[in-house]
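Here is the structure we will look at, set down as C-alpha cells.
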Amino acid sequence: MFMQVKANQNQLPISIRRMVNSPGITVGLCLFAALCSLLSSLCLALLFLSLSYIFIAFYIERRHIETFPVPPLVIFSQATFISAGLGCTLAADNSSSQLYDSLLITQAVFILSFPVFIVIYWLVNRRNRPIDVVTYIADAGNERQLRFAATILVVFTFLHHAILIYMGVDDRGHAGDFQVETPFGIWSYFEAFSKLRYIAYLLIPFLYKTSGKTVRMSLIAFLSIYILLQFANSSRGAVVFPLFYVGIGCWMIGGNRKLVIGIFVTLVVIVFLITPILGEFRGNSDFANTRLIDVGQRLKVFRDTVKLHHGSVNEGGQRSDRQVTGLALLGCSDALVYENTPEMVPFAGWDGMEAILYVWVPKMFYRDKPSLLDGNEITVQYTGTKFDRSAITPSIQADLYRRFGWTGVLIGYPFYALAASLLVRYGFNSFHKHSNKSLYGLLVLFFIETFLHGIPFGTVLTMVWNFGYDYPKYSVVLGLIAFFARKRGYA
C-alpha cells in the first residue's frame with residue numbers, strides 16, 4: 001500500500017535545503033557571473049540572471065518544497081530560464097548580427113520582466129498554506145480517491161493517443177496533412193481536453209506505486225510504446241515533457257531518487273544531443289512519405305539521418321546544433337516581432353480584439369468564428385509563409401509590443417502575472433478551504449504543475465482564451481472527476 005510510504009522519502013538533500021533556505025550566496029554567485037559575462041556576451045549575462053530567478057523562486061516557495069517539491073513559481077522560473085535564458089543564448093551562437101540583436105531583445109524582455117511576475121506572485125500567494133502530498137495520500141480514503149482519478153486520466157490519455165495515432169492525426173508526415181482540409185473529427189473531442197494528458201503523466205508513478213502487477217506492466221508498456229512512436233514521429237516535446245512529468249511525479253510521491261536522477265539525465269541527453277538530429281529527421285523527404293505506424297521504416301530513415309548529420313559545423317547556411325537546440329527551447333516567434341515592428345509591420349493596436357466576444361463559442365459548432373488562437377496567423381503575417389500544422393506563436397510580451405509598443409508591455413504584463421498568480425491561489429484555497437474539495441484542489445495544483453509545457457507563451461487573445469475559457473473548462477472537468485471519486489464510495 002502507498003500509505004506505507006514515509007513522508008521524508010522525498011525530502012531534499014541537506015545541502016540543497018540549505019541552499020533553498022539561504023539563497024544569498026547562490027544568487028550572489030549568479031549575479032556575479034552575470035556581471036562578469038557582460039564583458040563577453042550580453043546573452044550569457046542574461047542567462048545567469050535568469051538562473052538566479054530559480055533560486056529566488058525556491059526561496060519564496062521554501063515552505064512548500066519538502067512536501068510539494070516543484071511549487072508553481074519554480075515552474076514559471078524554470079520556464080523562463082529554459083526558454084529565454086538557455087534557448088536564446090544557444091540560438092544566438094554564431095548568428096547574424098540582425099538575428100543576434102532580435103534574439104537579445106527577446107531574451108531581455110523575457111528576463112527583465114520576470115521580476116514583476118515574482119513580486120505579484122509573492123503578494124498574491126505569500127500566505128498559502130503548505131500542502132503535504134505524501135501525508136495527504138497516506139490516508140487510505142484519499143489514496144483511493146486519487147487512484148480513481150489517476151485511472152480515469154490515464155485511460156483517457158491512452159484512448160487519446162491511440163485514436164490520434166491510428167487515424168493519422170498525430171502523424172507529422174504527409175499522412176497527417178488531411179487535417180488541413182478536415183480539421184474536425186472524432187479526435188476533436190479528445191483534443192478539446194488534451195491538457196489532461198500531462199496530469200496523467202504526473203500521476204503515473206503514483207498509480208504504478210499503488211497498483212498490482214498487471215496494471216504496472218500495462219503502464220510500462222504504454223509509456224514505452226508511446227515514447228517509441230513519438231520518437232519515430234520526430235516529436236521532441238511529446239517525448240521530453242511526458243518524461244519530465246513522470247520524473248516530477250516520482251519525486252513527488254517519494255520515489256526512488258536514483259530513478260528520478262536517471263530520468264532527468266535522459267532528458268538532458270535528448271535535449272542537447274538528439275534534438276538537432278530530430279530536426280533534420282523531420283525535414284527528410286523519406287520521413288514525410290512514410291507513415292507513423294510504419295515504425296520500422298521511420299527508424300530506418302532516422303538511422304540514415306544520423307549518418308548524414310552535419311554536426312555542430314555551420315555549413316552551407318545550415319544552423320549549427322546549438323542554434324537548432326536553442327530555437328527549439330525558445331519555441332516562440334518573438335524575434336520576428338521585435339525585428340520587424342513597427343518598421344515593416346505597423347503596430348496592430350486593438351485589431352482582432354472582437355474575437356473575445358466569441359470566447360465561449362466552440363469552433364466545432366461555429367466554424368467561421370474569429371480565432372483567439374491567433375499565434376500562427378501572426379507568424380504568417382511576419383514571414384509571409386503559411387505553416388498549416390505549426391503551433392509557433394509569439395509570447396504575451398511580444399504580442400503586447402506588437403499591439404501597443406513598449407507601453408503595452410509595461411501596462412499589460414502585470415495583468416497577465418496577476419491572472420496566473422490568482423489561479424495558483426485558487427488551487428491552494430480549494431485544497432484547504434473544504435475537506436470534501438481537497439482532491440479537486442490537488443488536481444488543480446497538478447494541472448498548474450504542467451504549465452512548464454505551455455507558459456508563458458501565448459498572445460493576448462490566447463491568454464484571454466486560456467483564463468476565460470480553457471482553464472475554467474478544465475476546472476469543471478477536474479471537479480467532476482473529484483465528485484465521482486467521492487460519489488462511488490471512495491471517500
Inset, instruction - Establish, yes or no, whether the cationic atom of R298 lies under 6.0 Å from the six-membered ring centre of F287 and within 45° of the ring axis. - result: yes
Legend entry - Value rounded to 0.5 Å, distance of OG1 in T80 from CG in L51: 12.0 Å
Inset, instruction - Please say whether more than 12 non-hydrogen atoms of neighbouring residues, nucleotides or ligands are located less than 6.0 Å from CZ in R126. - result: yes
Legend entry - F241/F244 aromatic ring centres below 6.0 Å: no
Inset, instruction - Locate the shortest heavy-atom distance separating G247 from I263; write the atom from each residue and the value. - result: CA-CD1, 3.9 Å
Legend entry - Rounded distance (nearest 0.5 Å) linking atom CG of L86 with atom CG of L329: 5.5 Å
Inset, instruction - Find out whether the Lys NZ or Arg CZ of R62 is both under 6.0 angstrom from the six-membered ring centre of Y59 and within 45° of the ring's axis. - result: yes
Legend entry - Y338 vs Y401, ring pair (Phe, Tyr, Trp, His ring centres under 6.0 Å): CA-CA, chis, key distance, verdict: CA-CA 8 Å; Y338 295 127; Y401 172 78; 5.3 Å; yes
Inset, instruction - Please check if atom OH in Y474 has more than 12 non-hydrogen atoms from other residues, nucleotides or ligands closer than 6.0 Å. - result: yes
Legend entry - Between CD1 on residue I118 and OG on residue S77, distance to nearest 0.5 Å: 7.0 Å
Legend entry - Contact summary for C43 and A92, nearest pair of heavy atoms: SG-CB, 4.0 Å
Inset, instruction - Answer yes or no: does atom CZ of F347 have more than 12 heavy-atom neighbours from other residues, nucleotides or ligands under 6.0 Å? - result: yes
Inset, instruction - State which residues pass ring-ring contact (aromatic ring centres under 6.0 Å, His included) with F114; sequence neighbours excluded, sorted by chain then number. - result: Y53, F117
Legend entry - OH (Y358) with more than 12 external heavy atoms under 6.0 Å: no
Legend entry - Residues Y382, T341; criterion side chain to side chain donor-acceptor pair (under 3.5 Å); working and verdict: CA-CA 9 Å; Y382 278 84; T341 308; 2.5 Å; yes
Inset, instruction - Look at atom CZ of F404 and say whether more than 12 heavy atoms of other residues, nucleotides or ligands are closer to it than 6.0 Å. - result: yes
Inset, instruction - Give the minimum heavy-atom separation between Q381 and V345, together with the two atoms involved. - result: NE2-CG1, 3.5 Å
Legend entry - Between CG on residue L422 and CZ on residue F467, distance to nearest 0.5 Å: 9.0 Å
Inset, instruction - May I ask you to check whether H432 and F428 place their ring centres under 6.0 Å from each other? - result: no
Legend entry - Pair F156 + F190: ring centers closer than 6.0 Å: yes
Inset, instruction - For W360, look at atom CH2 and say whether over 12 heavy atoms of other residues, nucleotides or ligands are found less than 6.0 Å away. - result: yes
Inset, instruction - Please name the pair of heavy atoms, one in T459 and one in D399, separated by the smallest distance, quoted to 0.1 Å. - result: CB-OD2, 3.3 Å
